[in-house]
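Note on naming: letters A, B, ... go to the chains in the order of the sequence lines (proteins, then strands), and numbering restarts at 1 for each one.
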Amino acid sequence: MIDDSLRALGDPALLNIVFLTFRVTGLALVIATAIGVPVGAAVGLARFPGKRLVTLILYTGMGLPPVVVGLWVYMLLSRSGALGSLAWLFTPAAMVLAQTIIAFPLVAALTMSAVEGVDPELRLQVRALGATRRQSSWIVLREARIGLTAAIVAAFGGIISEVGAVMLVGGNIEGHTRVLTTAIVLSTRQGDFGLAMALGTVLLLLALGANAFLLQLQGRAR
Amino acid sequence: MKAGATPAYALQGIRHRYGDRTVLEIDRLEIAAGRTLGVVGPSGAGKSTLLRLLQGLERPAEGEIRVDGELFPYPAPLALARRITTVFQRPAMLDRSVRDNVTFGLRLRGKAEEPVVDALLERLGLAPLARADARKLSGGETQRVALARALAVEPDVLLLDEPAANLDPAHVALVEALIRDVQARGTTIVLVTHNTHEARRLAHETLLLLDGKMVEAAPTAAFFESPTNARTRAFLAGELVY
Ligand SMILES: Nc1ncnc2c1ncn2[C@@H]1O[C@H](COP(=O)(O)OP(=O)(O)OP(=O)(O)O)[C@@H](O)[C@H]1O
Ligand SMILES: [Mg+2]
């Protein structure tokens, strides 16, 4: 069993799977961060009617079951769906879309609470020292950097380990849309536990490496 | 806002509320350019609130504030906002070094670090702490960093909220000497303090706030030597007045 899995690890097919996992999850994370951080910061910093409702929606979004998101995206991209003409179903693009939707509320909601955790007095004092609105928002984000890192880490953890959505909208097609989680499901079903365990280890190592990188960024943002 | 004919500030018919509680009621107040106004009064009198209005951080519920004869616009344009700086009663430090906190205002203005930063650190006895984490300072150290941070941008108007409250006598003297230098530059200063002696030493005019209202405002010598209001006399005698 161990031999099998070692052999499998040297397999170019596995490299393909790892590479695709990284590409899909990485791209989804970048997009979700690029939208989620500004949205979360804006909601956290602003005072407006309906803020509690927006907060409620974001918090609920954090718990969206990936399969449900997968279902929505599936319907959206299916031939009769609103975005059917894109022909994204069963392509990596569909998987990126689904994972972005899963990651967005995590990034936005946790950014929001990180920003709200910064002493409001500090914001006032920064303004009194001559900061523009843009500058003071930027300062607040910098002060909240630990919470921001946590937001991105949580979103990354949520999507790299997610199987329901990528399975539904990607279809687990070998050499095309198969990622680590869906490969694990498949090899477990086929009774190939050695391979499944090996893939699981690779997944953990990937997560470890990515989180180490994010932590490094947090340290440097001082 | 150098000394001249127009007052730096003119307040008229000011009412400021939190919820339905009126915490500040000032019918008329002028703050002369280039002078120092001392504001004394018991805890909760509205002193810090007055400074927030003068800084433009809050808009009064009623009334108008003029700066150099012009109505204070909300939000204040950057050029105006940057002429006014506050040292807050409870200064909040950025999660950076002491030095970076002091340089902060200059950075916001896109200016390079200037020798003024080192000079201020030196004068306030902060040079040995320049690289220390500003969040880990003692109360008095924090207060001195906050003062240095405000002075580094060389404002036309300096609003000081209890700038010496946490300091030992030697540091009080240091801070007061620095404030005198700033006065000599022609900076308009509003000095809020519990400490009547401090107002007496530094202010040209002094004003007593009680429960949000101006009870007495006079040239400092007259304020302390011949107060006209019985409540001012009581306050100066150290009695609790409301
Ligand atoms: N943001 C706020 N919301 C509600 N009430 C406030 C707020 N800020 C101040 N107050 C109230 O307004 C009154 C005046 O407060 P202010 O801070 O101006 O007093 P102060 O004269 O500076 O007192 P101290 O000498 O204790 O600093 C107080 O009764 C305070 O409780
Ligand atoms: Mg106060």
Side-chain angles (χ1 to χ4, degrees), chain A residues 33 37-38 40-52 110-154 214-222, chain B residues 48-49 51-58 74-97 100-111 131 133-135 142-143 145-161 190:
Chain A
T33 301
V37 168
V43 176
L45 292 176
R47 261 185 280 162
F48 56 93
K51 178 167 175 166
R52 286 176 68 91
L110 294 176
T111 297
M112 181 188 76
S113 48
V115 158
E116 282 176 344
V118 174
D119 184 2
E121 189 64 18
L122 184 82
R123 251 172 91 203
L124 275 191
Q125 301 197 8
V126 161
R127 271 179 56 203
L129 284 165
T132 60
R133 267 177 197 280
R134 187 183 278 260
Q135 281 173 326
S136 66
S137 305
W138 176 244
I139 306 291
V140 169
L141 277 178
R142 264 185 69 156
E143 294 287 317
R145 63 185 169 271
I146 292 180
L148 275 186
T149 312
I152 297 170
V153 164
L214 285 171
L215 272 180
Q216 186 73 20
L217 280 188
Q218 172 196 310
R220 217 176 284 149
R222 282 204 60 132
Chain B
S48 299
T49 305
L51 292 193
R52 281 196 292 277
L53 295 185
L54 296 178
Q55 175 73 57
L57 292 173
E58 288 174 17
Y74 296 91
L78 196 59
L80 173 60
R82 286 189 169 171
R83 292 169 59 197
I84 310 168
T85 293
T86 305
V87 175
F88 290 82
Q89 188 167 11
R90 269 170 307 187
M93 292 290 112
L94 294 152
D95 189 8
R96 307 179 192 186
S97 71
D100 286 348
N101 268 274
V102 177
T103 326
F104 180 70
L106 292 172
R107 292 258 172 81
L108 288 176
R109 288 160 176 76
K111 290 190 186 165
R131 295 161 73 94
D133 180 348
R135 290 258 171 99
T142 304
Q143 208 156 32
V145 174
L147 184 63
R149 182 165 78 174
L151 291 180
V153 302
E154 301 183 333
D156 291 341
V157 176
L158 182 62
L159 307 172
L160 299 170
D161 202 346
V190 179

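- Nearest heavy atoms, A/Gly130 versus B/Arg109: CA-NH2, 4.0 Å.
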Pair A/Arg142-B/Asp95, salt bridge (charged side-chain N to carboxylate O under 4.0 Å, His left out): steps then yes or no:
CA-CA 9 Å; A/Arg142 264 185 69 156; B/Asp95 189 8; over 6 Å; no

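- At least one donor-acceptor pair closer than 3.5 Å links the side chain of A/Gln135 to the backbone N or O of B/Leu108.
- Here the CG atom belonging to A/Leu129 is positioned 9.0 Å from the CG atom belonging to B/Asn101, to the nearest 0.5 angstrom.
- Both the backbone and the side chain of A/Val126 come within contact range of chain B, judged by heavy atoms closer than 4.5 Å.
- Of the residues considered (B/Asp100, B/Leu159, B/Leu57), B/Leu57 shows the highest number of contacts with chain A, using heavy-atom pairs under 4.5 Å.
- For A/Gln125 (side chain) and B/Arg90 (main-chain N/O), a donor-acceptor pair under 3.5 Å exists by modelled atom type.
- With a 4.5 angstrom heavy-atom cutoff, B/Leu94 touches chain A via backbone and side-chain atoms both.
- When all heavy atoms are compared, the tightest approach of B/Phe88 to A/Leu124 is CZ-O, 4.3 Å.
- The CE atom of B/Met93 sits 11.0 Å away from atom CG of A/Asp119, with the distance rounded to the nearest 0.5 Å.
- Within a 6.0 Å radius of CG in A/Leu215, more than 12 heavy atoms belonging to other residues, nucleotides or ligands are found.
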